[in-house]
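First comes the structure, then the notes that go with it.
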Amino acid sequence: MKVVVLAGPESSGKSWLAAELQAHFGGLMVGEYVRDFIDHHQRDTTLADIPAIARGQLAWEDAARARQPDLLILDTHLLTNRLWSQTLFGDYPAWLDTELLARHYDLHLLLSPEHVEWTADGQRCQPELADRRAFFQDSLAWMQAHQQPFVVIQGNWQERRLAAFKAVKQLL
């Protein structure tokens, strides 16, 4: 089983690209648990919600891993939960680091916020490019510090799609 994670700031195309990868390569795709959490609770999240959100994401990921697909595509993982918690609340549960590093990911596709428009969807909160750049830099710094395999995906939508397909094809 090869595990590919889409990472990076909001509105950079993670969910779209995850679906494109699945349509092209097959495999199993896991969505972003926090979206369901927000839809269910109909309120802004708090620091106290982060453990439940992270555990929900892990449960979805673990259920997909148990099915042993040839390719597992994760629309997100605990790094996003960690960084959002830090960004919004100035803190995050320390166990997120332990859980994140205990799991194996074959490839991270780190999406840049550059050259694509931010799109409001009722859950996004970083319309400023500078904020999304900072989130991207935090993601990049974490991947480099923890020697995670990654490819930066940038450009317009078509360029992102081509770069992601190339990276996943090489992985497979």
Side-chain angles (χ1 to χ4, degrees), residues 1-35 50 53-54 57-58 60-62 64-65 68-88 92-119 124 126 129-172:
M1 175 174 61
K2 298 293 184 183
V3 182
V4 175
V5 180
L6 287 97
E10 66 182 24
S11 206
S12 59
K14 294 183 299 294
S15 298
W16 164 77
L17 196 50
E20 290 286 306
L21 290 168
Q22 184 185 33
H24 185 77
F25 293 102
L28 184 59
M29 185 179 82
V30 175
E32 192 175 6
Y33 180 83
V34 70
R35 291 191 162 276
I50 299 302
I53 292 167
Q57 190 68 48
L58 286 175
W60 283 10
E61 179 181 328
D62 288 345
R65 284 178 182 269
Q68 291 289 306
D70 290 336
L71 176 62
L72 177 58
I73 303 164
L74 304 177
D75 184 355
T76 193
H77 69 350
L78 289 187
L79 177 60
T80 300
N81 297 140
R82 179 190 183 279
L83 293 176
W84 270 115
S85 185
Q86 186 69 43
T87 298
L88 295 174
Y92 65 92
W95 64 266
L96 294 181
D97 289 325
T98 305
E99 282 291 331
L100 188 55
L101 292 171
R103 292 162 180 273
H104 175 77
Y105 301 101
D106 295 291
L107 178 64
H108 293 78
L109 300 177
L110 177 56
L111 280 66
S112 165
E114 307 288 338
H115 308 295
V116 291
E117 292 294 319
W118 182 81
T119 305
R124 295 180 178 149
Q126 286 190 323
L129 181 58
D131 293 333
R132 294 191 315 279
R133 282 181 179 147
F135 195 96
F136 173 84
Q137 289 300 324
D138 290 344
S139 300
L140 177 63
W142 184 89
M143 288 181 199
Q144 290 172 330
H146 297 286
Q147 301 177 342
Q148 296 293 304
F150 71 92
V151 172
V152 173
I153 304 295
Q154 53 195 352
N156 63 33
W157 297 114
Q158 182 61 18
E159 291 166 335
R160 286 167 191 262
R161 185 177 184 274
L162 291 173
F165 279 25
K166 178 181 178 184
V168 172
K169 185 177 180 182
Q170 285 179 322
L171 175 67
L172 298 176

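This structure is a prediction, so every number in the text was calculated from the model and none was measured.
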May I ask you to decide if [Y]'s main-chain N or O and [X]'s side chain share a donor-acceptor pair within less than 3.5 Å?
| X | Y | result |
| --- | --- | --- |
| Arg160 | Ser12 | yes |
| Lys14 | Thr76 | no |
| Gln22 | Gly27 | yes |
| Lys2 | Ile73 | no |
| Asp106 | Val3 | yes |
| Ser139 | Phe135 | yes |

Heavy atoms only: give me the nearest [X]-[Y] pair and the separation to one decimal.
| X | Y | value |
| --- | --- | --- |
| Leu111 | Gly13 | CD2-C, 3.5 Å |
| Val30 | Ala64 | CG2-CB, 3.4 Å |
| Ser11 | Val116 | O-CG2, 3.8 Å |
| Met1 | Pro69 | CG-O, 3.0 Å |
| Ala164 | Leu109 | CB-CD1, 3.9 Å |

Atom [atom1] of [X]: over 12 foreign heavy atoms under 6.0 Å:
| X | atom1 | answer |
| --- | --- | --- |
| Gln144 | CD | yes |
| Asn156 | CG | yes |
| Glu117 | CD | no |

With a 4.5 Å limit on heavy-atom distance, are the side chains of [X] and [Y] in contact?
| X | Y | value |
| --- | --- | --- |
| Leu172 | Asp70 | no |
| Thr87 | Gln126 | yes |
| Val152 | Phe136 | yes |
| Glu114 | Leu129 | yes |

Nearest 0.5 Å please: distance from the [atom1] atom of [X] over to the [atom2] atom of [Y].
| X | Y | atom1 | atom2 | result |
| --- | --- | --- | --- | --- |
| Met29 | Leu17 | CE | CG | 10.5 Å |
| Asp62 | Gln57 | CG | CD | 10.5 Å |
| Leu74 | Leu72 | CG | CG | 4.5 Å |
| Thr80 | Glu10 | OG1 | CD | 11.0 Å |
| Leu110 | Leu140 | CG | CG | 6.0 Å |
| Asp138 | Leu79 | CG | CG | 9.0 Å |

(message) Looking at Glu61 and Arg103, is any side-chain nitrogen of the basic one under 4.0 Å from a carboxylate oxygen of the acidic one?
(response) yes
(message) One pair to check against side-chain hydrogen bond (donor to acceptor under 3.5 Å, both in side chains): Tyr92 and Asp97. What are the steps and the verdict?
(response) CA-CA 9 Å; Tyr92 65 92; Asp97 289 325; 2.7 Å; yes
(message) Would Ile50 and Leu96 count as a side chain to side chain contact (heavy atoms under 4.5 Å, CB included) here? Give the steps.
(response) CA-CA 10 Å; Ile50 299 302; Leu96 294 181; 4.1 Å; yes
(message) Determine whether Glu32 and Trp60 satisfy the following criterion, side chain to side chain contact (heavy atoms under 4.5 Å, CB included), listing intermediate values before the conclusion.
(response) CA-CA 9 Å; Glu32 192 175 6; Trp60 283 10; 5.9 Å; no
(message) Leu100 vs Tyr105, test: side chain to side chain contact (heavy atoms under 4.5 Å, CB included). Steps then yes/no.
(response) CA-CA 10 Å; Leu100 188 55; Tyr105 301 101; 4.2 Å; yes
(request) Go through the steps for Leu6 and Leu21 under the test side chain to side chain contact (heavy atoms under 4.5 Å, CB included), then give the verdict. (result) CA-CA 10 Å; Leu6 287 97; Leu21 290 168; 4.2 Å; yes
